[in-house]
Amino acid sequence: MHISDWFSRKPKYAVLKPEKKEIPEGLWTRCPKCLEILYNKELERNLKVCSKCGYHFKLGAWERIYQIVDDKEFYELDGNLESVDALPFNDGIYLDKLRESKEGTGLNEAIVTGRGKIEGFDVFLGVFDFGFIGGSMASVVGEKVTRLFEYGTRDGLPVIIVTATGGARMYEGMLSLMQMAKTNAALSRYRKKGGLFISVLSDPSTAGVMASFASQGDVIIAEPGALIGFAGPRVIEQTIKQKLPEGFQSSEFVFQHGMVDMIVERSKLKSTIGRIIRIWNKRLKN
Amino acid sequence: MEQEVKELTPWEKVQISRHPQRPLTIDYIENLFEDFVELHGDRLYGDDPALIGGIGIFRDQGVVIIGHNKGKNVKENVSRNFGMPHPEGYRKALRLMRLAERWHLPVISFIDTPGAYPGIGAEERGQAEAIGRNILEAFEIRTPILVVVIGEGGSGGALGIGVGDRILMLENAIYSVISPEGCAAIIWKDSKQAERAASALKLTAQDLLRFNIIDEIIPEPPGGAHNDINATIKAVEESIARNLEMICSKDLDSLLEERYQKVRRIGIFEEKLVPKAGVEPARSPSST
C-alpha cells in the first residue's frame, strides 16, 4: 500500500493496529485447518464441526456424551474412582499433572463412563477426554473400562467407547500397561456372551489404548480426519529417519488398510450407532 | 542394613538388560529344548524374523515356544530388526498359540524387545490391531502359558506375547510402559534424563513383584546374566520346570479363571464413598 492511499481512503481511521485481527474470547473460534473464523454458537450447533471445511474439533467427554445420548440424559458410573500416585512417580510430578487436568477439564479422570440411551436403546457408554493427560489410560481409566464391559456382560447391553487418547499413562508405569490386559480380559468375556462393542475412534486414537480394546471393536467407526495408529508419527519419523507422507495414519488411511469399518461424520454418529444396535437387537434369542 | 551388598540402580539394570552379551531367546531355545522345530509365517502376509516361534521338547514335555528374537551382532540385529516385531510377528505368535491349544501343548514365551516396531509397514498392516488381538485372545487360549521376561520388556510390544498364567522375570530384566529415554524426552524434554526416568518408572523385577505384575524373580549371577551365561540358563531352566509343572497340573477352567483374576486385580486407585448407592445423576459440564 502506498502512503498516498492513506489520504484518498475514506472513512479514515485514526489508529491502525499492525497485529492480526483479534478474535474476541468466547465468541469466535478459528478453524485450525482452513483458518475460517467460526461463530461459537453456530459451531456448537454444528456439533463442533467446521461449516466450511468439515474439520472435526476435539470434544470434551461431556460434550460428546450430550451429542449422542437421548434427551441429554446420562447416568455416570464409577465417577468416584480417583487416581493416586501409586509408584510414586518422581517427586509428585504426577499429582501436579492430575491437579492441572482436573482443573482444566472439570473431570475426575480421562474417561467418563455410564449408562444412557441412544436412539431409544439402553447402552453403556464410555467417552475419553484428550484434555485429561492426553486421554491416557492408567489404573482408574482401565478399571472404568473394565467395569463397563462387566456391566455390559451382566445386563446384556451394548458397550460403546469413544476414544481420544495417546495411550497408556507413563506416570503409573507398568500399572498402566497392564490395564491393556485387564480391559481386554473383560472384553473377552463380554464377547463370549455375544455382546456388541462399538469402538468409535476420534482424534487422536493411538498407542496402548489402540493396542488393546479400541482396535477390537465388533464394529469400528472412525471420525473423519482423526489420527489413528499404534506409534505416534514423530516416533516413526525418528525411527525411519524420513518424513511421513501426507495423510499417513489418518482415518482415511486406516480405512483404506482395512482397520476400521467406516468413517462417519459427527452428525451421523448417533444414528449410525442406533442402526447397528437395532440390527444386533434382532438376533436369535436362544 | 548390616550387609553392604551394593544394589544395582534401575538405570544400571536397564544397561544390563540390554547388554550385548546377555543371553537371548535363541540361547534359551538352543540349551533348554530338544528337537526345536522352527515354524514360520503368519499365513497372512509374511514371516517376521524379529519374533521366533516353533515347537520343541522341554524335559520330555512337548511345548510351543515363542519369543522376541534380538541378534548377537549388528548384522544379526539388522536382519532381526533388533527384536522389534511387525504385525506379522504377533500374528505368527497367535497362530502358534492356537496350535498349542489344539495340540494341548503348553506355551513358553520369552520377552526381550525394545518394543513393537514403529514404522510405515507396521502401521499399514495394523500393529495396534495385532497386539490388541493377541492380548485379547490370550485370555481365551485353553492351554497353560508361561511367560519369561529375559531382557527388555518394551511396552505393548512385550505385552503382545506377555499374557500368561505365570510371569517370571530375570533379576536384572526390565519391563516398562515406555523406554526411559522416551519418558525423559516427554517429561524433561531431554533424553539424557533417562536415568531419572528409569527410577521413576519402577521398571525393575523387584518393583514389579511388589505390584503383583510378575510372579517370580529368577536370580542372575553377580553383575548380570552375561557374566555367567550357563548359570543363568540353568536358573531359568529350573524356574521354568517348577512353574510349568505348577500350571500344567491345574484343570483348564480354573487356570483360565486365575489368568483372568490375576490381571483383573491390577491397578491402584481410591474408591471414594458416594452419598447415595447406585447410579449418580448426570452432571453438567463444568465449562461453559
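Because only heavy atoms are used, hydrogens play no part in the values below, and waters and symmetry mates are left out as well, while side chains stay in. Here is how names work: the chains are called A, B, and so on, in the same order as the sequence lines, proteins then strands, and each is numbered from 1.
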Heavy-atom cut-off 4.5 Å, strictly under: side chain, backbone, both or neither for [X] against chain A?
X: B:Ser199; result: neither
X: B:Arg259; result: neither
X: B:Leu208; result: side chain
X: B:Ala185; result: neither

Interface moiety of [X] toward chain B, non-hydrogen atoms closer than 4.5 Å:
X: A:Phe248; answer: side chain
X: A:Glu109; answer: neither
X: A:Met210; answer: both
X: A:Glu172; answer: side chain
X: A:Phe253; answer: side chain
X: A:Ile65; answer: neither
X: A:Ala214; answer: neither
X: A:Ile220; answer: neither
X: A:Tyr171; answer: side chain

Item to complete: For B:Arg210, look at atom CZ and say whether over 12 heavy atoms of other residues, nucleotides or ligands are found less than 6.0 Å away.
Response: yes
Worksheet item: Could you state the interatomic distance from CZ (A:Phe132) to CD (A:Glu100), rounded to the nearest 0.5 Å?
Response: 10.5 Å
Worksheet entry | Pick from B:Leu159, B:Asn134, B:Leu203 with the largest number of heavy-atom pairs that fall under 4.5 Å of chain A |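 Option with the greatest count: B:Leu159.
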Worksheet entry | Which of B:Arg264, B:Glu271, B:Lys262 touches chain A most, by non-hydrogen pairs under 4.5 Å |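 Option with the top pair count is B:Arg264.
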Fill in: For B:Phe82, all residues meeting ring pair (Phe, Tyr, Trp, His ring centres under 6.0 Å), sequence neighbours excluded
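Per chain and number, B:Phe82 pairs via ring pair (Phe, Tyr, Trp, His ring centres under 6.0 Å) with no residue.
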Worksheet item: Ignoring hydrogens and geometry, is there a side-chain-to-backbone donor-acceptor pair from A:Thr105 to A:Ser101 under 3.5 Å?
Response: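 It does hold such a pair.
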